[in-house]
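Okay, structure first, notes after.
Sequence positions, counted from 1, serve as the residue numbers for this chain.
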Amino acid sequence: GRSTETTLAEVVQMQQGEKAGVILSKSRLDVSPQRADGQSLELLSQLGGAIFNVYVDGNYAYIDKVIGNYSWFRIMDISNPLTPIPLGRIDSIALDLSFDVGTMAVNGDYVYIETSSGPYTNTLYYLTVVDVSNPNLPVPVESLNVGDIIKMQMHEGYLYVSTDLEIHIFNVQTPETPVEVEVYETGLAGFDFTVGGQYAYITKGLDGLSIVDVSNPTQPQEITTYQDSLINFQFIVLQGEEAFAYDYDSGLWIFDISDPLNILEMGNLALACAWFEVQGEYVYCMDVTQGVTIIDISDLPNIVERGSYDFPGYTFDTFLSGSYLYAADDGLGLRILDVSDPDGPVGIAAYDPPGGSIGVSGFGMTSGMAYRNGYIYTADFWSGISIIDVRRPGAPELVNTYDTPGDVRDIEILGDCAYLAETFQGLRILNLQNPVQPVEVALVEMEWAWEVEVIGEYVFVRDPYALVMMVDVSNPS
């Protein structure tokens with residue numbers, strides 16, 4: 001997989017089991033359906049530590065996580081988002097495979113996920129099928145060696161799996177036993193693809209945009225390639241009969257794909273855009289250093305640049321919900337914009353933690369965040385932890401801080417205890433019976449502690465060298 005680390009605090013919206021947003025490294029494409037307007041961002045619940053992949057289908061969230069050499073796949077019941085319930089889990093020790101940071105796909109009672117085995121220099125990658133018909137007892141039923149998976153997409157009874165140079169097409173009408181029916185050679189590494197209707201659209205950089213007829217998935221046929229010497233096709237998303245493509249050099253391009261044999265260029269706007277989101281008649285172009293620019297596409301081929309908003313710091317992640325845009329501003333906290341007037345986006349709220357930013361997706365100096373009974377506890381690096389009262393979500397209030405000798409990199413809460421991963425100190429345990437006045441009950445000294453994960457009566461602490469220490473916390477004191 002090619003994903004980077006994301007956290008479960010990241011807001012993931014789903015429509016009928018398909019991702020409404022695709023989140024990548026520094027290039028994110030998010031084609032979101034219209035969402036209900038929101039007045040504020042409210043954290044309903046959170047699981048501590050770093051979650052590397054999440055896929056939501058109905059009342060269940062499927063997540064995978066890696067801590068050093070230890071990884072697991074878990075199912076969460078999210079029918080009540082205020083109290084997500086951990087259900088079944090498969091860990092890499094029992095399976096003798098590692099769950100890789102990558103993509104997932106769901107097909108009824110089965111989840112497709114990438115796993116791997118072997119040393120770094122000779123790693124084997126697999127498409128693994130997990131039976132989740134009993135969410136309390138997920139069972140791996142099949143593993144197929146296909147190569148390092150970049151992206152998976154379900155479409156009309158077939159699973160499309162991209163690796164470095166190929167798209168593997170599997171018949172999954174019997175979901176537990178995928179049957180490979182074709183391997184389509186793309187001839188180019190690092191491509192992006194998406195399937196819509198009877199066509200697959202494949203980006204090939206300066207070699208153009210290929211359109212492949214997959215009406216018969218066993219015999220995909222390239223029908224045309226759109227090529228323009230000015231466009232280095234990187235990523236593509238579809239919305240209706242329009243395709244939005246991005247080139248790092250020449251900006252955003254919009255195409256009419258109603259007739260795949262005659263792709264029409266509808267417009268281009270050259271601007272910095274590390275990722276973008278499309279909602280209705282507007283494209284929201286995000287840039288790390290230049291904030292957000294709103295693009296009006298209501299009168300194509302005319303593309304009109306409307307308003308913009310430059311955040312004070314570096315913007316590392318955003319989330320768009322109705323008329324509001326939430327941004328993680330590195331070092332400067334959570335920023336909320338009202339974008340109901342595309343000509344004049346307005347900053348309406350901000351929260352600045354003492355030690356850094358609260359990342360909507362865990363970016364920035366705050367490396368961990370946990371929720372308990374109406375309070376958010378953030379790991380603020382050199383400033384210890386912050387305790388934020390969010391019982392009135394529209395008016396978050398800092399009620400206390402707890403400073404520590406070391407730098408707090410991660411936090412997880414289980415029951416009445418908070419577990420802190422603290423650089424140069426180790427694992428620090430706080431009692432939270434009084435939520436605004438934490439009391440230290442124990443310190444397990446370690447030279448390095450970067451990430452913490454609580455599983456039952458044990459805490460796993462990872463150091464920067466991927467070594468994991470397991471601590472028995474059945475008696476937290």
Side-chain angles (χ1 to χ4, degrees), residues 2 22 24-31 150-151 153 155 160 162-167 184-215 220-290 292-306 308:
R2 294 289 193 269
V22 181
L24 304 172
S25 176
K26 287 187 178 178
S27 306
R28 188 178 78 172
L29 309 184
D30 185 349
V31 178
I150 299 173
K151 182 176 180 179
Q153 182 180 342
H155 184 69
Y160 295 79
S162 65
T163 57
D164 276 340
L165 297 169
E166 303 164 329
I167 297 178
Y184 183 81
E185 302 284 346
T186 64
L188 185 72
F191 63 89
D192 186 29
F193 84 96
T194 188
V195 183
Q198 68 181 61
Y199 299 102
Y201 301 82
I202 305 170
T203 63
K204 293 187 174 182
L206 291 172
D207 292 333
L209 174 67
S210 291
I211 294 89
V212 179
D213 187 338
V214 292
S215 55
Q221 300 289 328
E222 182 174 323
I223 58 172
T224 188
T225 296
Y226 180 89
Q227 199 165 11
D228 187 319
S229 60
L230 297 176
I231 308 176
N232 183 1
F233 286 94
Q234 300 295 324
F235 301 102
I236 185 168
V237 291
L238 307 180
Q239 181 169 277
E241 295 183 340
E242 296 164 357
F244 298 80
Y246 187 71
D247 170 10
Y248 292 125
D249 297 320
S250 59
L252 176 69
W253 295 82
I254 304 176
F255 301 93
D256 182 341
I257 56 170
S258 56
D259 180 2
L261 289 173
N262 185 29
I263 295 178
L264 301 176
E265 181 183 311
M266 301 183 70
N268 163 246
L269 189 63
L271 77 168
C273 192
W275 67 91
F276 63 84
E277 302 187 24
V278 183
Q279 183 169 277
E281 297 178 341
Y282 299 99
V283 177
Y284 300 81
C285 289
M286 320 296 179
D287 186 72
V288 173
T289 60
Q290 299 182 33
V292 58
T293 301
I294 302 175
I295 309 301
D296 187 334
I297 56 171
S298 61
D299 185 27
L300 294 173
N302 298 313
I303 302 178
V304 180
E305 183 174 337
R306 303 284 289 267
S308 63

The ring-ring contact (aromatic ring centres under 6.0 Å, His included) partners of F233 (sequence neighbours excluded) come to F255
Report yes or no: does [X] contribute a side-chain atom to a donor-acceptor pair with the main-chain N or O of [Y] at less than 3.5 Å?
X: S258; Y: E241; answer: no
X: H155; Y: Q198; answer: no
X: D213; Y: Q221; answer: no
X: T186; Y: L165; answer: yes
X: T194; Y: Y201; answer: no

List the residues meeting side chain to side chain contact (heavy atoms under 4.5 Å, CB included) with E222, not counting sequence neighbours, and say none if there are none. Y184, K204, S210, V212, T225
Of the options I297, I236, L238, which is the one that meets F244 in a side-chain contact (heavy atoms from CB on, under 4.5 Å)? I297
Roughly how far, to the nearest 0.5 Å, is the [atom2] atom of [Y] from the [atom1] atom of [X]?
X: E281; Y: I295; atom1: CD; atom2: CD1; answer: 14.0 Å
X: N262; Y: Y226; atom1: CG; atom2: OH; answer: 10.0 Å
X: Q227; Y: L209; atom1: CD; atom2: CG; answer: 10.5 Å
X: I150; Y: T163; atom1: CD1; atom2: OG1; answer: 6.5 Å
X: E242; Y: I254; atom1: CD; atom2: CD1; answer: 6.5 Å

Below 4.5 Å, heavy atoms only, C-beta onward: do [X] and [Y] meet side chain to side chain?
X: Y282; Y: D296; answer: yes
X: I167; Y: I202; answer: yes
X: V304; Y: D299; answer: no
X: I257; Y: Y199; answer: no

Quick one: closest heavy-atom pair of [X] and [Y], and the distance?
X: P220; Y: V214; answer: CB-CG1, 4.2 Å
X: I231; Y: D247; answer: CA-OD2, 3.7 Å
X: C285; Y: L252; answer: SG-CD2, 4.5 Å
X: T293; Y: S308; answer: OG1-CB, 4.0 Å

